[in-house]
Structures are given as structure tokens and as C-alpha cells.
Amino acid sequence: MAVAVVGGGRAADEATSQTVMHDLDQCWATSGTSPVHRRPGEPGVRVRVYADVGRPGRLPV
């Protein structure tokens with residue numbers, strides 16, 4: 001059975017979002033780092049990730 005997840009997230013800044021995406025890549029088969037989006041008038045940045053089943057031998061963070 002395949003498991004797929006689409007997730008979106010917010011972070012305080014681009015560096016934080018890159019760190020989180022890197023950590024997800026270590027545990028899950030992901031689409032990689034998405035472009036960072038900013039919405040005028042809203043603090044922080046938004047990112048999106050597509051993930052599949054966990055990588056063998058790795059536990060989720």
C-alpha cells in the first residue's frame with residue numbers, strides 16, 4: 001500500500017523552511033524543497049511538500 005501526503009507549512013523565514021524540508025528529506029521520500037512563497041501583509045513564508053512512504057531504516061522526526 002502506498003501512502004502519499006501533501007503538506008503545506010509556514011515558517012518564520014526561508015532558512016527555517018529549508019532546515020525543516022531537509023529534515024523531512026532525511027526520513028521521507030519527498031518532492032524536495034519547494035519554492036518559498038510570501039503573502040503581502042502576512043509574516044513568514046509558506047512552502048509545500050509532497051511525501052511518500054518513509055525511507056527504509058529511518059524513523060520520522
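Sequential numbering from 1 along the given sequence is applied to the chain's residues. Values below: every heavy atom of this structure, side chains too, minus hydrogens, waters and symmetry copies.
Atom NE2 of His22 sits about 13.0 Å away from atom OG of Ser17, to the nearest 0.5 Å.
Put simply, the side chain of Val47 does not reach to within 4.5 Å of the side chain of Glu14, judged on heavy atoms. Two residues are said to be in side-chain contact when any heavy atoms from C-beta on lie closer than 4.5 Å; Val45 and Asp13 fail this criterion.
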Practice task
Could you walk me through whether Val36 and Arg46 pass side-chain contact (heavy atoms from CB on, under 4.5 Å), step by step?
Solution key: CA-CA 6 Å; Val36 175; Arg46 293 176 178 259; over 6 Å; no

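Ionic pairing of Glu42 and Arg38 is not present here: no N-O contact between side-chain nitrogen and carboxylate oxygen is shorter than 4.0 angstrom.
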